[in-house]
Structure formats: C-alpha cells, structure tokens
Amino acid sequence: MAANNIPYKIYLSENEIPKQWYNLNAAMKDKHDPFLNPATGKPCTKDDLRAVFCDDCIDQELNFTDLYIDIPEGIRDFYRMYRPAPLVRAYCLEKALGTPAEIYYKFEGNNTSGSHKLNSAAAQAYYAKKQGLKSITTETGAGQWGTALSMASAFYGLDLTVYMVKVSSEQKPYRKEVMRTYGAQVVPSPSDTTNAGRKILQEFPGTGGSLGCAISEAVEKAVTSDSCRYVLGSVLDHVVLHQSVIGLEAKAALDKYGVEIDTVIGCVGGGSNFGGLIAPFMGDKIAGKNDIDFIGVEPASCPSLTRGKYVYDFCDSAKTTPLARMYTLGCGFMPSASHAGGLRYHGMSPIVSKLYHDGYMRAVAVEQTKVFEAAEYFARTEGILPAPESSHAILAAIDEAIACKKTGQKKKILFGLTGTGYFDMAAYKQYNDGTMTDSIPSDADLAKGFASIPDIPQNK
Ligand SMILES: *Cc1c(COP(=O)(O)O)cnc(C)c1O
C-alpha cells in the first residue's frame with residue numbers, strides 16, 4: 001500500500017520522545033503583549049501569579065528567551081505510557097477523495113483520556129507535586145481536560161477537584177465516572193460551592209454553564225484552599241509549550257521520510273493543540289525556512305479568531321484572572337450549547353492570537369453539521385471515530401484535499417487529530433437522527449459579549 005515507501009503509520013521509538021519542548025515565544029520576533037494585573041494595569045510579575053499557578057509553570061509562562069526547555073525525566077516517564085503518538089499517512093482517505101494531495105495526521109487520542117490534553121496535564125501535575133502541593137483544581141468543558149488531569153493526578157499523587165461545565169456533565173455522565181475512577185472529585189458548574197458560582201446562578205438561573213464560569217470557580221477554590229493551585233488545560237503559553245511535543249514528534253517522523261509539509265491544520269479552542277502542533281514548523285517559518293500555510297479551524301458558534309476582537313480581556317467570566325491580549329468574544333460571551341464542547345471558549349491563546357494578527361496563519365470558521373459529516377466520512381474511511389473538536393480539522397483538511405483535485409496540486413497536508421469521540425455519542429446520535437442544528441451567533445449576540453470586555457486604556 002505504501003507508495004514512496006512511506007508507511008501507513010510512522011512510529012518513533014520510545015527514546016525519540018522529545019527531551020525538550022519547543023518554546024514558540026522565543027522563536028517569535030515580535031512577542032505578544034504581556035499579561036496585565038487587572039488591579040494595577042501593569043504587566044504581571046511572577047509574584048502576581050504565584051497565588052494561582054505553580055512556580056515552574058510561571059517561569060515557563062514568562063520565558064521569552066529559551067527556544068528549547070528541558071522536559072524533566074519524571075514527565076518523560078509518564079509520556080512513555082502513551083507516547084510517541086503515531087503519525088498516520090491517510091492513504092485510505094486520500095483514495096476515497098481521489099485527491100493528488102498527501103494527507104498526514106498526528107493522532108493524539110491513543111490514551112484513556114482520549115486527547116492531547118494529557119501532554120500538559122502530566123507536566124502540570126508533576127510540577128505541582130515537585131513544589132510540594134497537596135491538591136490542584138481545574139475546570140473542564142467537554143471533559144477531556146478533567147479526565148487527563150485525573151489520570152496525571154493519580155500518577156503523581158495529588159488530590160484534584162474538577163469543576164465541570166454543567167451541560168457537559170449532564171450530556172456525558174460517563175466522563176464523570178472516568179474521572180472519579182482516577183480519584184478526582186467532580187463538581188458541576190456553576191455550583192453553590194463558590195462565590196463565583198453563586199453569583200452566576202443568581203444572574204442566569206438555569207444556565208448550562210461555560211468554561212469561563214468553571215474557571216472562576218476553580219481559581220476561587222485554589223486561592224482559598226491551603227497548598228492548592230489552579231491548573232489550566234489550554235490558552236496559556238506554558239500549556240502551548242507542553243503541547244509542542246505533538247509538533248516535535250510530527251516533524252521528527254516526517255523528517256525520517258524527507259516529507260516537506262505545505263499545509264498544517266488544527267482545530268482551535270483555546271489554541272493549545274494548534275500552537276503545539278505548529279510550534280517547530282512555525283518557528284522555521286518565522287526564520288524564513290518554509291512558507292507553510294497554517295490554518296486554525298474554529299466552530300462558527302464560537303468564532304473568536306474570525307469574528308472576535310484583538311484586545312485585553314479576562315480569561316474567565318468572573319473577571320478574576322490576569323488580563324491577556326487575545327482574540328476574544330468577550331469574557332461574558334455565552335456560546336450556545338454546541339457539542340464541540342472543547343472549542344467553546346471566548347478567548348484564544350495569546351501566542352496564536354499574535355501569530356494570526358501578524359499574518360503568519362489564517363483561520364476559518366465551520367458549521368457543526370458539516371463537521372459531523374466530515375467526522376463520519378473519516379470514521380468510515382480511516383476507521384478512527386474522531387472527537388467533534390478534531391473533526392473541525394478533518395473538515396478543513398478534506399476541503400484542502402478536494403481543492404487540490406481541482407488544481408492538480410500535490411500538496412502535503414498535515415492535520416492534528418486531537419482525540420477520539422467515544423464520549424460524544426449523544427452528539428453523533430443527534431447527527432444520525434438528523435436533529436442536529438447549527439447555531440451561529442448574530443452580530444447582536446456578539447455585541448453582548450463585546451460589552452463585557454474591560455474598558456481599560458490599553459483597549460482604546
Ligand atoms: C480540548 C480539546 C480541543 C481544543 O483545545 P485546544 O486548547 O484548542 O487544543 C481540541 N480537541 C480535543 C479532542 C480536545 O479535547
């Protein structure tokens with residue numbers, strides 16, 4: 001089957017698991033704007049962040065100089081349980097499409113948590129343990145991050161409380177049980193266990209919750225509990241850093257066969273898998289070594305890149321976190337109950353935002369029913385049942401490959417297949433029953449979200 005001697009799966013060996021992460025912040029000539037302390041309006045210092053985040057993660061967050069950062073052996077020990085992740089040449093998909101393009105995907109769903117999120121969960125749990133903390137808190141939307149962190153917390157011996165967006169906890173009761181099996185305590189958010197939760201419940205009774213709201217609850221719990229810190233599964237620079245193992249492994253595998261990629265595609269929620277997948281390729285593009293077309297794919301229901309504003313905003317809806325300059329729909333934006341739970345976030349990684357703003361990449365927004373059409377096509381051709389989030393990237397890759405059919409271009413396309421969809425069967429059922437709808441916010445809906453963006457001098 002393997003034309004050009006490229007196998008269906010390109011495996012790396014265990015000792016080819018990266019020994020260092022790739023720090024895009026160091027590769028970028030123009031750095032993104034600094035986080036601001038909302039109380040002072042000044043750039044955040046390490047001390048500002050210490051009450052919330054682990055020390056090593058703060059150091060990584062504010063590191064704009066070291067292109068490579070060592071991965072501690074204690075983290076590589078965990079990575080060895082499920083990495084290296086395979087890089088697949090999608091021969092079956094190419095054949096079905098009849099495209100002259102070559103399609104490759106990096107599959108991150110080969111672990112029980114089912115997604116790439118374990119790459120950063122392992123690192124953050126390791127650093128929390130190293131610092132002598134007893135517990136950590138977090139939020140989870142679709143549940144992948146909470147599951148990943150539960151696995152990592154069990155491995156490193158930490159107590160974990162997960163605030164799970166209420167609609168997701170109702171749609172995915174079994175996710176919750178996976179987390180509890182790994183020892184986590186799961187609280188549906190908004191809850192009455194925090195001030196932030198109670199306030200939101202008062203304002204929006206009956207709300208299904210949002211990631212921003214769950215973040216507020218988790219942060220509050222962390223700063224009011226002893227020896228506890230908050231950990232975040234996306235958006236922040238250190239999470240993008242940890243996810244660079246995806247891009248580094250993909251590049252190492254492609255380099256073995258001398259494959260030079262033309263297009264790199266990833267879904268974007270908070271931007272971490274995309275930032276990690278593109279990291280070493282983007283570093284080369286910034287250095288003038290390639291001219292890769294980078295495409296971030298977001299849901300039309302939560303279009304932060306394609307319809308958001310590039311301003312300073314809070315990372316959570318209770319306005320407790322530092323301010324980040326990013327593409328945002330406003331921290332008060334409430335997305336409709338879309339199934340691509342992992343992509344329902346109002347903001348976007350400051351790194352990805354800056355790259356987009358400076359024209360190093362482009363973004364497309366796609367509708368949910370088209371995404372599921374692509375998901376089923378992919379399942380039937382390549383065999384893997386993809387996560388709805390990942391299927392955004394599948395759709396864009398298929399569109400690119402079909403375009404190649406028309407032009408005859410033999411583009412080499414790489415996309416990130418971030419996870420499996422086993423816990424998304426309610427969404428697949430809706431799609432199969434023909435009851436799934438697309439919900440695209442009107443300009444008036446967006447205006448409501450934009451009104452929640454802080455009115456600070458930097459935003460004028
Ligand atoms: C969380 C998640 C995403 C989106 O998060 P990013 O930080 O944008 O990567 C994408 N795919 C899957 C499977 C997820 O679980």
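Keep in mind the model is a prediction, meaning the values are calculated, not measured. Atoms within each ligand, like the ligands themselves, are counted from 1 in listed order. For this chain, numbers begin at 1 and follow the sequence in order.
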>> Looking only at the aromatic ring of each residue, does the gap between the centers of H242 and Y22 stay below 6.0 angstrom?
In response: no

> Looking only at non-hydrogen atoms, which of P388, S272, G276, G416 approaches atom 6 (P) of ligand 1 most closely?
Replying inline: S272

> Got a donor-acceptor contact below 3.5 angstrom from the T147 side chain to the S113 backbone?
Replying inline: no

> When the ring planes of Y91 and Y8 are compared, do they come out parallel, tilted or perpendicular, using 30° and 60° as the limits?
Replying inline: parallel

> Is the number of heavy atoms from other residues, nucleotides or ligands under 6.0 Å of K319 NZ greater than 12?
Replying inline: yes

>> Show the atoms of ligand 1 that are less than 4.0 angstrom away from any heavy atom in S234.
In response: 6 (P), 7 (O)

> Which atoms of ligand 1 sit under 4.0 Å from any heavy atom of H116?
Replying inline: 2 (C), 3 (C), 9 (O), 10 (C), 11 (N), 12 (C), 14 (C)

>> Please find the pair of heavy atoms, one from M326 and one from C315, that lie closest to each other, and give the distance.
In response: CE-CA, 4.4 Å

> Would you call the rings of F415 and F378 parallel, tilted or perpendicular, where under 30° means parallel and over 60° means perpendicular?
Replying inline: perpendicular

>> Between D438 and Q368, do the side chains contain a donor N or O and an acceptor N or O under 3.5 Å apart?
In response: no

>> Taking a cutoff of less than 4.0 Å between a non-hydrogen atom of the residue and any ligand atom, is A142 in contact with ligand 1?
In response: no

> Given K117, Q243, M348, E389, which has its nearest heavy atom closest to atom 14 (C) of ligand 1?
Replying inline: K117

> N/O of S390 under 3.5 Å from N/O of ligand 1, yes or no?
Replying inline: no

> Under the salt bridge (Lys or Arg N to Asp or Glu O under 4.0 Å) test, which residues partner D33, sequence neighbours left out?
Replying inline: R325

> Which of the atoms of ligand 1 are close to Q144, meaning less than 4.0 Å from one of its heavy atoms?
Replying inline: 13 (C), 15 (O)

> Counting each atom of ligand 1 from 1 as listed, which ones have a heavy atom of S115 under 4.0 Å away?
Replying inline: 13 (C), 15 (O)

>> Closer than 4.0 Å to some heavy atom of G271 - which atoms of ligand 1 meet that?
In response: 6 (P), 7 (O), 8 (O)

> In terms of atom number and element, which parts of ligand 1 are under 4.0 angstrom from non-hydrogen atoms of C267?
Replying inline: 10 (C), 11 (N)

> What atoms in ligand 1 come closer than 4.0 Å to a heavy atom of G269?
Replying inline: 8 (O)

>> Out of the candidates D56, D55, D59, only one should pair with R50 under the salt bridge (Lys or Arg N to Asp or Glu O under 4.0 Å) rule; please name it.
In response: D55

>> Between ligand 1 and G233, is the shortest N or O to N or O distance under 3.5 Å?
In response: no

>> Suppose I only count heavy atoms of L343 and a 4.0 Å limit; which atoms of ligand 1 are within that range?
In response: 4 (C)

